[in-house]
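Quick caveat: nothing in here was measured; it's all calculated off a predicted structure. In what follows, every heavy atom counts, from backbone to side chain, and hydrogens, waters and symmetry copies are set aside. Sequential numbering from 1 along the given sequence is applied to the chain's residues.
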Amino acid sequence: GLASYDNSFDGPAPRIRVRDRKDVVCTASAEPEVKVLAEGWSGYTLWKLTDDGVLTVSPSGQLYNGQCNMKNYWKVNGVLTLPWSDYAELIVKVVVEEGVNAIGQMAFYGMENLETVVLADSVMEIRNYAFKNCTALTTADLSGVEMFREGAFYGCSSLKNVTFNTYFGLEDWAFAKTPFAHMHAI
């Protein structure tokens, strides 16, 4: 029989039906499979980088003082080594899932190709210089964040689409050298 293609996408995947044989249904994946390039730990969180450039941070189930936070990072002898440093040029989006409470200091520092940040409402704090100099960053959903520490988005010169919480605290330089540089802590 002849085949017809239903492209409505109302269901989980497109369907192909063979005419005159209603009992035969073939399904195909609507989205290409993404492959995991790397994964590991950051403080009390787990991270996973997929080949579509998305770095996802998830709670590990372990807590410290009742919270699930990413690790803080520092430069040692002028070098910042992050668990995902070898893949930094591939990362275009960061997704932090529900259950994570804080983004670690310098966690995404200088990621020049990072364009989008999506944070779950459980993320209440972005620590010092977490996204400093992420110059391609244009979009950030920060609606759950209550505290932006020093230099959190310093130098994110392309940042223009941001969702903020109604009430939040700012430390010095949190949005310096961004289109939001006019914001000041009170």
Side-chain angles (χ1 to χ4, degrees), residues 39-50 52-75 80 82-85 87-88 90-186:
E39 54 190 346
W41 288 82
S42 173
Y44 291 88
T45 63
L46 300 171
W47 63 271
K48 173 178 65 176
L49 175 62
T50 51
D52 58 354
V54 178
L55 178 69
T56 304
V57 179
S58 309
S60 67
Q62 297 181 357
L63 301 176
Y64 179 76
N65 288 336
Q67 293 201 341
C68 179
N69 298 328
M70 290 181 70
K71 182 178 177 180
N72 290 320
Y73 298 93
W74 293 269
K75 287 185 176 182
L80 177 64
L82 301 169
W84 39 83
S85 288
Y87 305 94
L90 301 176
I91 299 171
V92 295
K93 183 176 184 179
V94 168
V95 176
V96 180
E97 295 182 337
E98 190 65 35
V100 177
N101 303 115
I103 305 298
Q105 175 176 302
M106 295 182 149
F108 304 105
Y109 183 105
M111 298 220 163
E112 295 176 356
N113 295 323
L114 178 60
E115 299 172 359
T116 305
V117 173
V118 180
L119 305 179
D121 286 341
S122 62
V123 177
M124 297 179 290
E125 179 183 8
I126 298 178
R127 295 190 176 148
N128 301 30
Y129 307 105
F131 294 96
K132 183 179 179 184
N133 292 334
C134 293
T135 55
L137 183 60
T138 60
T139 304
D141 181 354
L142 310 173
S143 54
V145 179
E146 296 175 3
M147 178 56 80
F148 296 91
R149 298 291 177 191
E150 181 178 321
F153 286 90
Y154 183 101
C156 295
S157 55
S158 299
L159 192 58
K160 57 186 169 191
N161 301 311
V162 180
T163 304
F164 290 102
N165 190 335
T166 304
Y167 301 100
F168 56 86
L170 288 174
E171 287 188 355
D172 292 339
W173 308 100
F175 288 89
K177 298 193 178 189
T178 73
F180 301 99
H182 65 279
M183 294 174 25
H184 301 283
I186 300 177

Quiz item: Of E150, K75, R149, which is the lone residue that meets side chain to side chain donor-acceptor pair (under 3.5 Å) with Y129?
Solution: E150

Exercise. Give me the one residue out of N69, N101, D141, I103 that meets side-chain contact (heavy atoms from CB on, under 4.5 Å) with V123.
Key: I103

Quiz item: Which residues pass the ring pair (Phe, Tyr, Trp, His ring centres under 6.0 Å) test with W47, sequence neighbours left out?
Solution: W84

Practice problem: Determine, stepwise, if the pair L55 / Y87 fulfils side-chain contact (heavy atoms from CB on, under 4.5 Å). | Solution: CA-CA 10 Å; L55 178 69; Y87 305 94; over 6 Å; no

Quiz prompt | NZ on K132 to CG on L137, rounded to 0.5 Å | solution = 15.0 Å

Quiz item: Say you draw a straight line from CD of E115 to NZ of K93; how long is it, rounded to the nearest 0.5 Å?
Solution: 10.5 Å

For a quick test of your reading: what N or O donor-acceptor pairs under 3.5 Å do the side chains of residues 153-165 make, sequence neighbours left out?
residue, atom, partner, partner atom, Å
S158, OG, T135, O, 2.7
N165, OD1, Y167, N, 3.4

Exercise. Give a yes or no on whether E98 atom CD has more than 12 heavy-atom contacts from other residues, nucleotides or ligands under 6.0 Å away.
Key: yes

Quiz item: How close do S122 and G99 get, heavy atom to heavy atom, and via which atoms?
Solution: OG-N, 2.8 Å

Quiz item: What's the spacing between W74 CH2 and M106 CE if we round to 0.5 Å?
Solution: 10.0 Å

Quiz item: Checking side-chain contact (heavy atoms from CB on, under 4.5 Å) for the pair L82/M111: CA distance, chi angles, key distance, verdict?
Solution: CA-CA 11 Å; L82 301 169; M111 298 220 163; 4.1 Å; yes

Practice problem: Can you see which heavy atom on V57 is nearest to which on V100, and at what distance? | Solution: O-CG2, 4.2 Å

Quiz item: Which atoms form the tightest heavy-atom contact between L114 and V117, and what is the distance?
Solution: CD2-CG2, 4.1 Å

Quiz item: Measuring from Q105:CD to N128:CG, what's the distance to the nearest 0.5 Å?
Solution: 5.0 Å

Quiz prompt | For F131, the option from Y109, F175, F108 that meets ring-ring contact (aromatic ring centres under 6.0 Å, His included) | solution = F108

Quiz item: V145 versus F168: any side-chain heavy-atom pair under 4.5 Å?
Solution: no

Quiz item: At their closest point, which heavy atom of K71 faces which heavy atom of G43, and how far apart are they?
Solution: CB-N, 3.4 Å

Practice problem: Look up atom OG1 in T56 and atom CD in E39, then write down how far apart they are to the nearest 0.5 Å. | Solution: 11.0 Å

Quiz item: Which value, rounded to the nearest 0.5 Å, describes the distance between E146 atom CD and D121 atom CG?
Solution: 10.0 Å

Only pairs under 3.5 Å count here: list side-chain donor-acceptor contacts from residues 58-66, not counting sequence neighbours, and write none if there are none.
residue, atom, partner, partner atom, Å
S58, OG, E97, OE1, 2.7
S60, OG, Y44, O, 2.8
S60, OG, Q62, N, 3.1

Quiz prompt | Steps toward side-chain contact (heavy atoms from CB on, under 4.5 Å) verdict (Q67, E125) | solution = CA-CA 11 Å; Q67 293 201 341; E125 179 183 8; 5.6 Å; no

Exercise. Identify the heavy atoms of C134 and G110 that sit nearest to each other, and give their distance.
Key: SG-N, 4.2 Å

Quiz item: What heavy-atom pair brings G104 and A130 nearest, and what distance separates the two atoms?
Solution: O-CB, 3.6 Å

